[in-house]
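Before any comments, here is the structure.
Note that the structure is a prediction, hence the values are computed from the model and not measured. First the proteins, then the strands, lettered A, B, ... as listed; each starts at 1.
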Amino acid sequence: MAGIESKKSAYRPVTISGPQRRAHRHFRAGHREQGAGSGVCTHCAGTGHSIVFSGRTHRKDFCAALLPLPRFSTRQPATVGSRGCCGPGACVGNRAQADVPSPRALAGSPQNPYKHGHGFNGERMYWSRTLIPTSREVPADADILSHQLMVRAGLVRRLSAGIYDWLPLGWRAMQKICGIMRQEMARVDAEEIQMPAILPAELWKQTGRYFDYGPLLFKLKDRKDTEMILGPTHEEIVTELVKACVSSHKQLPLTLYQIQQKFRDEARPRSGLLRVREFIMKDAYSFHSSVESLGKTYHDIFHAYVRIFKRCGVTAIPVEAESGPIGGDASHEFICPCAAGEDLIARSEDGSYAANLEMADRQIPADAGFPIPGADVSAQLQRVHTPGAATMEQVCTFLHVAPQQMIKTLVFVKSEADGGGFVVACVRGDHEVNEAKLRRLVGPVQLAEDAAARTAGFVIGFVGPHVVNHTGAQLVIDPDALAIVTAVTGANEKDYHVTNFNWITHLEAQHRGKAQVADIRNVVDGDKSPHGSALTLEKGIELGHVFKLGTKYSQALGAVYLDDKQQSQPIIMGCYGIGPGRIMVAALETLSDKDGIVWPIGIAPFEVLITPIRYEGQARTVADELHAQLADRGVEVLLDDRDQRPGVKFKDGDLIGIPLRIVIGDKGLATGQVELKRRTAAAPEMLPLENLAEQLVALIGQMRPRV
RNA sequence: CGGGGCGUAGCUCAGCUUGGCUAGAGCGCUUGGUUCGGGACCAAGAGGUCGCAGGUUCAAAUCCUGUCGCCCCGACCA
């Protein structure tokens with residue numbers, strides 16, 4: 001405990017003047033080296049990062065790029081003051097951007113140095129002195145791979161349903177992800193802030209979301225009985241903030257973001273860390289005086305997100321998602337294809353089209369509609385008794401027909417504001433109505449309540465399209481349902497269905513005339529994308545979402561600016577979220593192997609694991625030296641100093657998935673070598689002891705994705 | 001919220017049907033010893049209000065009722 005205390009107290013800002021002041025704002029006392037000047041970062045060799053330092057600053061052969069936050073183990077006082085500022089990866093990650101990082105990229109958050117960058121540079125970590133509770137047993141309550149691995153590797157521990165402790169390894173990985181997000185957000189001129197997690201319910205009532213969110217909101221009352229909520233997202237709060245601080249178009253555009261805990265009282269937390277009740281989210285909000293400006297920022301952040309996911313080593317496919325009031329391509333989700341995912345996306349074979357299931361369009365024949373060529377109008381409607389068979393499956397079994405021969409008829413009701421009329425939607429028996437598509441076609445609707453529908457003459461469970469003959473409801477038909485020549489469908493009579501249903505004969509002409517024929521169903525495997533290529537459905541994890549909000553919140557909360565003609569205008573907004581925990585889950589789900597985690601280098605809690613076969617004698621000396629050299633070069637390195645048998649260390653090492661493992665044993669040392677085992681490689685390779693640290697630094701640089 | 005399942009040691013589980021002696025195993029942990037390149041072995045130990053409350057009974061981990069918690073399927077999920 002004393003160690004923790006002294007660690008905390010070691011954080012103290014130092015005063016640095018000059019242009020690099022922002023970059024150095026959070027340097028801790030302990031950088032004792034004196035002198036001012038400039039030079040080239042030895043760890044970005046070739047990237048040309050210059051370093052500038054003045055007065056009391058850090059060691060001069062490391063560049064100041066990218067959010068340094070050195071930490072020193074107080075257990076190793078001899079090493080304090082000798083650490084570099086940035087890992088090689090941090091610098092290399094910035095390589096493509098420019099020769100010299102923009103001052104923005106160096107910016108920091110004075111309020112929260114702990115959340116700034118990943119901040120693990122220069123630290124010598126020993127396995128025996130941290131907390132890595134690995135386990136051989138698969139936890140009983142974990143049924144997806146990522147969850148099992150996170151618990152077995154000691155990344156997290158469940159405290160309550162959907163609520164987790166983050167242990168050192170997991171938290172380090174989280175901080176790495178957050179560091180990448182901070183760097184990329186800085187590159188698109190987004191500034192970090194921190195809003196409260198406890199919010200007054202009043203603001204949420206003003207936008208109506210207090211009710212829209214319903215039981216998903218964690219609600220509480222303070223001692224004065226004021227209703228509060230735990231924030232599930234922050235549109236209201238950030239809008240209120242900007243409303244108070246921004247009044248002129250000259251202050252726009254503006255992008256703010258935070259990385260913060262969110263709370264949602266999920267009906268059913270599940271899938272380990274995928275759907276949880278308390279989670280970290282990076283949420284960004286942009287503010288504009290024109291739709292064009294919003295479009296530019298949306299584009300910039302979209303591409304920042306592409307870089308973030310790439311640097312994190314996870315696949316993320318941008319897919320079209322339900323767009324808001326702006327319309328067009330106003331919303332994209334970033335989905336990692338993966339069996340454990342909860343979202344469904346449709347992708348075309350040729351890669352030209354990707355959308356979530358809600359949005360995925362398909363090609364329909366240009367001539368779909370009435371009249372229907374080749375329709376058999378001679379067949380007689382047959383009424384058949386189907387007692388109790390109210391579902392598609394029951395009817396199919398009962399009548400021995402395939403669902404492809406059936407018409408599924410669903411009754412929707414329009415919103416009160418829209419007159420509250422009924423809409424009858426017909427799809428083929430094996431298809432599902434896509435409510436989002438239906439809404440885009442006929443306005444706001446929802447599935448009718450049984451009681452209301454029955455009162456209006458709909459025999460729920462036995463409805464057929466011809467119900468519109470006597471109810472006069474609006475009829476919408478999917479082309480595939482229309483294409484069935486003689487169909488089986490409901491008889492509009494309890495416990496009866498009909499066969500030989502035919503759209504021409506059994507639908508009165510006036511209703512035929514008014515019927516809309518349109519794509520109103522979910523796409524299925526094999527459907528043609530709007531570009532003509534075959535679609536495939538796959539599951540995926542939603543990692544991020546970018547969204548053009550428009551003026552929904554600014555209008556509700558009165559956030560306006562004065563334009564150049566002295567006119568008051570609502571601020572145009574966008575919002576952009578990423579779930580870092582989901583990035584981690586996606587990485588674990590898609591990259592792990594039978595032995596455990598395989599971290600991508602960008603988000604690995606450590607880059608190098610040093611495993612002396614026995615931590616004594618020459619192996620110990622070599623291990624300690626390498627440990628110090630790597631740490632001095634900004635490499636994140638963990639030394640397995642435990643008095644354990646090699647097998648245990650290897651198994652644990654594989655399980656926690658550090659990308660590079662250096663094994664130091666008598667075998668290699670006899671020939672002046674150590675063993676390098678890449679986590680992704682089947683076999684180890686031997687490396688000479690000479691310039692070992694430099695070799696590893698170079699290797700790590702090569703392993704990082706270029707963006 | 002509907003359906004199903006589970007709460008016994010830090011972890012994974014047995015015991016419950018058919019109530020009964022001091023509640024068990026493996027892993028992990030502690031101590032000593034022997035080992036030491038893929039989760040060692042020997043010996044001795046520590047550790048459990050059997051989720052909680054009430055009831056039935058001479059007697060409850062076991063049967064009954066209630067309650068809390070957790071997991072899975074579904075509904076739901078800016």
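- Look at R136(A) and you'll find a side-chain N or O under 4.0 angstrom from OP1 or OP2 of G28(B).
- For P139(A), counting side-chain heavy atoms from C-beta on, the closest listed nucleotide (U12(B), G37(B), C70(B)) is U12(B).
- A267(A) comes within contact range of at least one nucleobase, with a heavy-atom separation under 4.0 Å.
- If you check every strand for non-hydrogen atoms under 4.0 Å, K667(A) touches a base.
- The main-chain N or O of I656(A) is never found under 3.5 Å from a side-chain atom of R152(A) such that the two would form a donor-acceptor pair.
- No engagement by R642(A) is indicated, since no non-hydrogen atom pair under 4.0 Å with the nucleic acid exists.
- A close approach under 4.0 Å does occur between a side-chain nitrogen or oxygen of S160(A) and OP1 or OP2 of C70(B).
- Spacing between atom NZ of K262(A) and atom C1' of C77(B) amounts to 17 Å, rounded to whole angstrom units.
- Using modelled atom types, one finds no donor on one side chain facing an acceptor on the other under 3.5 Å when comparing Y305(A) with E184(A).
- No hydrogens or angles were tested; on distance alone, a donor-acceptor pair under 3.5 Å links the side chain of E137(A) to the base of G26(B).
- E675(A) comes within contact range of at least one nucleobase, with a heavy-atom separation under 4.0 Å.
- In this structure, D595(A) atom CG and G39(B) atom P are separated by 12 Å, rounded to whole Å.
- For R157(A), whose side chain is taken as the heavy atoms from C-beta onward, the closest listed nucleotide among C70(B), U35(B), G10(B) is G10(B).
- Considering only side-chain atoms of E266(A), the nucleotide from A75(B), C77(B), G37(B) that sits closest is C77(B).
- Between D212(A) atom CG and A78(B) atom C1' there is a gap of 9 Å when expressed in whole angstrom units.
- Using a cutoff of 4.0 Å between basic side-chain nitrogens and carboxylate oxygens, D430(A) and K408(A) are not scored as salt-bridged.
- Of the possible donor and acceptor atoms, none in the side chain of K677(A) sits under 3.5 Å from a partner among the backbone N and O of A683(A).
- Across the protein-nucleic acid pair, R268(A) atom CZ and G69(B) atom P stand 17 Å apart, rounded to whole Å.
- Spacing between A53(B) and U49(B) at atom P, rounded to whole Å, works out to 12 Å.
- When distances are taken from the side chain of P646(A) to each of A78(B), G37(B), C71(B), the shortest belongs to G37(B).
- Remark: the backbone N or O of T551(A) is paired with a side-chain donor or acceptor of S554(A) at under 3.5 angstrom.
- Between the base of C76(B) and the side chain of R270(A) there is a donor-acceptor pair shorter than 3.5 Å.
- Separating the NE2 atom of H234(A) from the P atom of A78(B) is a distance of 17 Å, rounded to the nearest angstrom.
- Listed nucleotides: G39(B), A78(B), G74(B). Nearest to the side chain of L655(A): G39(B).
- Using a 4.0 Å heavy-atom criterion, one finds that T611(A) contacts no nucleic acid atom at all.
- Remark: C1' of G10(B) and CG of D165(A) are 14 Å apart, rounded to the nearest angstrom.
- Side-chain proximity of R614(A) to G39(B), C36(B), A75(B): nearest is C36(B).
- Counting any heavy atom pair closer than 4.0 Å across all strands shown, R275(A) reaches a base atom.
- The aromatic rings of F218(A) and F263(A) lie perpendicular to each other, with more than 60° between the two planes, well past the 30° mark.
- Distance from the side chain of R645(A) is smallest for A40(B) among the nucleotides A78(B), A40(B), C11(B).
- Straight-line distance from the CD atom of E358(A) to the P atom of C76(B): 12 Å, rounded to whole Å.
- Rounded to whole Å, atom P of G39(B) lies 15 Å from atom CG of D640(A).
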